[in-house]
Amino acid sequence: MPTGAADRALESLRATRVWKSVFRRGPALTNRTRSLAVFGNLFLHFLPVKVREKSLRVRATYYLGSITFLLFVVLSVTGVLLMFYYHPAVPQAYRDLKDLRFVVSNGVFLRNLHRLAAHLMVVTVFWHMFHVFYRGGYKPPHEFNWVVGVVLLLLTLFLSYTGYLLPWDQLAFWAITVGTNIISAMPVIGGRVRYLALGGNQVGENALLRFYVLHCVVLPLVAVLLIAVHFWRVQKDGGLTVKEEDGGK
Amino acid sequence: MAENKKIETGFSSDVLKDPKRIVFVTKKTSAKVTGDAGRQVMTFPHLVLREAIAFQILVIAIVLVSLLWDAPLEQLANPLLTPNPAKAPWYFLGLQELLHYFPPFVAGILIPTLVVIALVGIPYFNINIHGGPLWAKRRTSQLRMVLIVLSLLMIFLAIFLAWTVFVPSAAIAFLLLYSYSVPASQTGWRGFLRSRTVSWWVMTWFIAVAITLTLVGTFFRGPGWEWEWPWVSHGG
Amino acid sequence: MSEPINPKTEAGAAKAADAPGIDRRDFLNEVTFGALAVAGLGASAVTLQYFSPNVLFEPSAKFRAGTPELYPEIVDGKPSVTFLQDQQVYIVRTKDGFYAVSAVCTHLGCITQWKQEAEQIACPCHGSKFKPDGTKIEGPAPRALPHFAISLTADGELLVDKLETVVNPKQALKV
Amino acid sequence: MGKISRRLRLAFAVSSVIFVAVLAISPVKDLRREWKYYKNGYERFARNRPDKRLLSDFHPGLDQIWIPEMNVVDRCTTCHQGITQPSLADSSVPQPFRAHPPIHHSATDWGCVVCHRGQGPATEVAEAHETTLAWEQPLLPNRLIQGSCGTCHRADLAETPKLTRGRQLLAKLNCVGCHRLQDVDRPAMLAPDLTNIGTKVSRAWIYKWLKEPRTVTDSNGTVTVNGYETGDEPRMPQIHLKEEELRALSGYLSSLRSHPVAPYRFDPRAIALEKAPDLTAQGEVRFRQMFCSTCHSLAVTRAGETKLIGGDIGPELTKVGSKVNRDWLVSWLRNPQEYLPHSTMPRYEWSDQDLFKVAAYITTKLVDSDLLNGVPNLGEATPDEITSGRNLFLAKGCASCHIVGGAAPQKDFGPDLTALGGKNVSQLEFGQSKIPRTLIAYIQTKLTDPVSVNPAARMPQYHWSPDDLEAVTIALISMAGTPSASGMERLKIPRASPEFHPAGAFGEVYERYQCSACHKFNGYGGDLAPDLSYEGSRAQRAWLVDFLKNPQTLRPMLVLRMPQFNVTDKEAAILADYMTMTLQSPLANTAGEGHMRFTPQLAAMGKQLYEVKYQCQACHTIGGAGGYVGPNLSNAGNWLTATWVQAWLKNPQALVPGTIEPRRSFTADEIQALTAYLMTLRPSGKKASAGASQGGTR
């Protein structure tokens, strides 16, 4: 009976020099080591060391911000995997999608995950914003973080929109054609902006490549940066807004 | 707060073991500390664990849906073959619905730009920060104001025959006017409506219109952007 | 939460405590970390599987090399050597029959050339030289050039399979 | 404060377990993909077969035919694993493992989807075979597969009779009048020029013809001639017309007589024949003697069975006497091109007597008194009827096929069909009809009942037999537009039909006698009579002149004989000269013909070769002895040129592709000897025409 085998294995792992060199702290059993666990870790240090118990309640946030971020993580992982089988070229892009569907192991599953998570992220990012608004989360000292949030919302839309073209099917092509035609309605510069966005006068190979680079490199980088700022500012602006009606003891 | 300068300090006997926030409150401090925000817990493991569970539930959910639903893949893009209707991604269908009523510049550029500016501006206007319930004070003049704004909006929408905007706007307007008649002492959802601020009403109106337009654009528009019931398949 | 765990409030906890030597907390930890470890290992395996393509967009390693008549006949008992550039293979015709010799030098992978006047296969990179049957004459190449399996299709064409090297290169395809 | 609640830890444990379980579903599903079922099934199947190659060729992964230059990525062979295995050709082999029937193309060189349609990259049955969101070109039913041959093979193939039939129907029924069709050029004249139709037929006849063209041929609706079903659709389809529209159109058309026909003034000796009791009998004899039936058919009842006898180049004439006015008929017989400039009817040199007799025969014998039953009394057309008739003529698309002086012909009245066969279902307008949403159903419904798909359709009503419907569907499917793969475009085999309209004196005579209606010249012209492209190489000039002036004696057994045109000496000379000078094969140019000299020794040696070594008499007849497979060579010395004979003996198929003459490897000396012998074959006392036949060379 491997009683506590996992614990013991973990124990001996923690005793190794390698583990210690990486984590540089003992087991997170005291508040000190727990604090170290947060601010000694690049990823966790965007979070405060302590949070209000009330803000952990599901009804306080519905974890909308977290879920949005986690969707971003899911999208990054599945997106990078999909990139291994994707060529941003006409009409190879479409054939790659077919191959993902028909011959690549779990290819269709990954694509479904990516697509679904992308739609869901647009939903949760809006929902998150509305929720924050109704809770008054934008009020000082959170003004700037609200603005960062609005920019992140726009980034999410752009990410989703640029990804929409990549399958190069009828749905993608015409959605992008319709969408970019709206840009040309801009007075004076509209046509120019569309020309720049598409790299031409119509949705073609240049547009596909541009959207691909934006979708896979530029926008994710900016988003990662702003997400970091967003988390950071939650902590620096004094944690989540807690309201009386959140209940608790 | 208005009385004497009062300094509250908190400390622990073992700061390393149980760190506590030290707050220094003066009149000029922007951060308002109103009452006790409650107990605090360590992020690690309390928040981290909850996030992990949230992540797992999220992945379980999307994996299950992904197994049942296949991402659409239509035919190879063909610039010579326009589907009817050609639809933008769903989150832009609200805009596309607006384009049906208003000139492209208004619906495609002006309105989205104004929405973004408004969203960015929300935390910088006092009415959104300190604004009390709409019907709390100066009720008559507030009502007059509200009636003027509402009639202007409705007339504008009626001129453009933008009835998919008009309907949700009218519904919110109805609730707004109804909440005027609710007595202050009322509790429940009536009381809730009675105590709403101006910014609440505006945001709720925006969300109602946005959701209606997106739903209509996604499900109720067929060839030629004509109204179509989603359960009636076109073409026999 | 700082209050102590009260095992009596939860049936499961009581059960866990009943089993000697199994702390409920350890059990839960084991399940959790076990599951996560399986998830991690499984995900790695599935990702590896995902990365190995199931179809290839490459020219087939098995190719038709035309009918035997296409290759020059033997003059004075000297073998005729034909270089197929697309496939990087020599089709050698001797009085014994046909065989297919790789044109890729066994040294560092350069493409060798057939020198008709010297009747040698020569590597331009480091000067390795081979006989028409692939055996090494001189140079840094470690091995002879490999022979590929060669056969006849039903309609009388030569069929070379580059995936299959012939162990005993003495055998030639009689036509 | 630091401890985590048990509930949370339990939740984490449970969610972790579910997390693992759920994540494992997709990889497990992936192990059980549909194609693996077929792969395993084939392996089991192959193990029980005697052919050991099946197992050695088997490999467990996905199979794919990849031909980048043709855009082919076909994974059909993943399941259809036996298609190249000859031992699986038997029909008892279960699908999808059966071998492909032998054809000229191999799957590894062409892929599958090129012909069969369906989605090549798909690895699931439904996705590969059916219409899906991502693929609207489902598998083509095997009965229509010839349509795929036609997408590249624009020229007719012996292996695709249905396709050829369909193409012929499309051309014959004047579909190109309203529709644009691939490789069907719009001829100069589709349907009769109606500029003067009022002088030709009565209003009542027009009314009946418009109402139901089929009943004009017979009253029972099926196209029969005196009870004999021709199985043919009249070229004029049934247009959807209401009663008042029929009146208006017939009124308008009967008013078209801008060039009234003046009655021909017959020679009084001809008119005197009126009194002859056997006038019509004489006319019938003349009608036969002139071989009118080479082009025109008549319904003839023999032993209780009615059959159409005669050719189909010109119209069937059984009831023509009830249709046309006599004055018009006479004028037409004298000069068809005066009424109809594009007519293929030759202009005969009539004697007045002959003309009178034949006209009398046609107007009194070739009649049907019941023809115009049921036509209301119409009277003269009113101006209103004429005006609305003219509008209807345009609105109903009549001007697409028919020319009326002053009214411009309408081109492309109906939809362009050049790319119909490659259309996606979403590109088709099904309207409210309840038919299946497939291209095949669409095409066939449009053909059989156009109004059911589109109530406003102007497409007239056709009556198809099931075979013809299938043939036309196949021909339309073959019009798949530009192939998606650029590499395919250059693989097309074009349809060769350069028009042949020579200039000069020969051109005049050629057009007058409409030689190309029956004969082919450099690939242009009819199929009825021998190809004359190389006639100058083959036949001697003297023989040609003789034959042109007196063609009846050739092939006396056949009904479809060369008509007697009564060509003049001058015309015969023009024709023969042109053929000798110009219609030469590059392989057998007769320029050096005059210098050939053959010694009697050589001829004797040739006779020896003919009779002993090569036994030519097995197929050929000389002087009454020999076989009938090849042409009679009794008159070869007068008929054929030595150049032709030499070239023919060297390689008959080079001169006439597909000829049954075997290609023998004669030595040069043997060819000389045989030629010398054949050139001595001149029946004494007889000139050119005796019994020589050209038929065998075709």
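Residue numbering restarts at 1 for every chain, and letters A, B, ... go by the order of the sequence lines. Just so you know, these numbers come straight off a predicted model, no measurement behind them.
A 6.0 Å sphere centred on CZ of Phe220(B) holds more than 12 heavy atoms belonging to other residues, nucleotides or ligands. Heavy atoms of other residues, nucleotides or ligands lying less than 6.0 angstrom from CD of Gln202(A) number 12 at most. Within 6.0 Å of atom CD1 in Ile127(B), 12 or fewer heavy atoms from other residues, nucleotides or ligands are found, so the atom counts as exposed in its surroundings. Within 6.0 Å of CH2 on Trp201(B) lie more than 12 heavy atoms contributed by other residues, nucleotides or ligands. The environment of OH in Tyr101(B) is crowded: more than 12 heavy-atom neighbours from other residues, nucleotides or ligands sit within 6.0 Å.
Looking at Val51(A), both its backbone and its side chain come within 4.5 Å of chain B, counting heavy atoms on both sides. With a threshold of 4.5 angstrom between heavy atoms, Thr204(B) approaches chain A through its backbone and through its side chain. Ala172(A) does not touch chain B: none of its heavy atoms, backbone or side chain, sits under 4.5 Å away. For Ser199(B), the parts lying near chain A are the backbone and the side chain together; criterion is any non-hydrogen pair under 4.5 Å. For a residue to count as touching a neighbouring chain, one of its non-hydrogen atoms must lie under 4.5 Å from one of that chain's; by this rule Leu58(B) touches chain A with the side chain only. Heavy atoms closer than 4.5 Å to chain A are found nowhere in Pro103(B), neither backbone nor side chain. Heavy atoms closer than 4.5 Å to chain A are found in both the backbone and the side chain of Phe105(B). Leu120(A) touches chain B through its side chain: at least one heavy atom from C-beta onward sits under 4.5 Å away, while N, CA, C and O do not. Heavy atoms closer than 4.5 Å to chain B are found in both the backbone and the side chain of Ser160(A). Contacts between Pro72(B) and chain A at a heavy-atom distance below 4.5 Å involve backbone atoms as well as side-chain atoms. Both the backbone and the side chain of Trp168(A) come within contact range of chain B, judged by heavy atoms closer than 4.5 Å. Proximity to chain B (any heavy atom under 4.5 Å) is shown, for His114(A), by neither the backbone nor the side chain. Of the two parts of Leu116(A), the backbone and the side chain both hold a non-hydrogen atom closer than 4.5 Å to a non-hydrogen atom of chain B. Contacts between Leu71(A) and chain B at a heavy-atom distance below 4.5 Å involve backbone atoms as well as side-chain atoms. Of the two parts of Leu76(B), the backbone and the side chain both hold a non-hydrogen atom closer than 4.5 Å to a non-hydrogen atom of chain A. With a 4.5 angstrom heavy-atom cutoff, Leu81(B) touches chain A via backbone and side-chain atoms both. Neither the backbone nor the side chain of Val106(B) comes within contact range of chain A; no heavy atom of the residue lies under 4.5 Å from a heavy atom of that chain.
Side-chain contact check for Ile53(B) versus Tyr63(A): every heavy-atom pair is 4.5 Å or farther apart. Looking at heavy atoms from C-beta onward, Ile207(B) lies in side-chain contact with Tyr134(A) at the 4.5 angstrom threshold. When side chains are defined from C-beta on, Lys98(A) counts as touching Leu73(B), because their heavy atoms get closer than 4.5 Å. Under the 4.5 Å side-chain criterion, counting only non-hydrogen atoms from C-beta, Pro45(B) is in contact with Arg34(A). Phe55(B) has its side chain out of reach of Phe69(A): every pair of non-hydrogen atoms, C-beta onward, lies at least 4.5 Å apart. Looking at Gln170(A) and Asn78(B), their side chains come closer than 4.5 Å, going by heavy atoms from C-beta outward. Taking the side chain as every heavy atom from C-beta outward, Tyr164(A) and Tyr91(B) approach each other to under 4.5 Å. The shortest distance between side-chain heavy atoms of Leu119(B) and Phe133(A) does not fall below 4.5 Å.
For chain B, the option among Val147(A), Ile183(A), Leu171(A) with the highest count of heavy-atom pairs below 4.5 Å is Leu171(A). Your options are Thr82(B), Val63(B), Val120(B), and the one with the most heavy-atom pairs under 4.5 Å with chain A is Thr82(B). Comparing Met203(B), Lys87(B), Glu51(B) by how many heavy-atom pairs each has under 4.5 Å with chain A, the most go to Met203(B). The candidate with the highest count of non-hydrogen atom pairs below 4.5 Å against chain B, out of Thr177(A), Val58(A), Ile67(A), Leu113(A), is Leu113(A). The candidate from Ile182(A), Leu70(A), Val74(A), Ile176(A) with the greatest count of non-hydrogen atom pairs under 4.5 Å with chain B is Leu70(A). In terms of heavy-atom pairs under 4.5 angstrom with chain A, the leader among Ala54(B), Pro79(B), Ser66(B) is Ser66(B). Among the candidates Leu97(A), Val150(A), Leu56(A), Val178(A), the residue making the largest number of heavy-atom pairs closer than 4.5 Å to chain B is Leu56(A).
Summarising the geometry of Gln75(B) relative to Tyr94(A), their closest heavy-atom pair is CA-OH, 3.4 Å, with the distance given to 0.1 Å. Closest approach of Ala175(A) and Pro89(B) over heavy atoms only: CB-CD, 3.7 Å. Shortest non-hydrogen contact noted between Trp174(A) and Ala86(B) is CB-CB, 4.0 Å. Residues Ala71(B) and Asn112(A) come closest through the heavy atom pair N-OD1, 2.8 Å. Taking both residues in full, the closest heavy atoms of Ser35(A) and Met42(B) are given as OG-CE, 3.2 Å, listed atom of the first, atom of the second, then distance.
Panel note: side chain Thr43(B), backbone Pro48(A); a donor-acceptor pair is recorded below 3.5 Å.
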Exercise for review: Tell me, with the steps shown, if Ile211(B) and Phe126(A) meet side chain to side chain contact (heavy atoms under 4.5 Å, CB included).
Suggested key: CA-CA 11 Å; Ile211(B) 289 179; Phe126(A) 268 106; over 6 Å; no

Practice item. Would you check, one step at a time, whether the test side chain to side chain contact (heavy atoms under 4.5 Å, CB included) holds for Phe44(B) with Thr33(A)? Key: CA-CA 9 Å; Phe44(B) 187 92; Thr33(A) 48; over 6 Å; no

Point to revise | Candidate pair Phe206(B) and Phe130(A), rule side chain to side chain contact (heavy atoms under 4.5 Å, CB included), full reasoning | key: CA-CA 10 Å; Phe206(B) 169 72; Phe130(A) 296 145; 4.2 Å; yes

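The line from NZ of Lys139(A) to NE2 of His130(B) is 8.5 Å long, rounded to the nearest 0.5 Å. Summarising the geometry, atom NE2 belonging to His46(B) is positioned 9.5 Å from atom NZ belonging to Lys50(A); distances are rounded to the nearest 0.5 Å. The distance from atom CZ of Phe125(B) to atom CD of Glu143(A), rounded to the nearest 0.5 Å, is 12.5 Å.
Taking the six-membered ring where tryptophan is involved, the planes of Tyr161(A) and Phe92(B) are perpendicular, since the angle between them exceeds 60° and thus also 30°.
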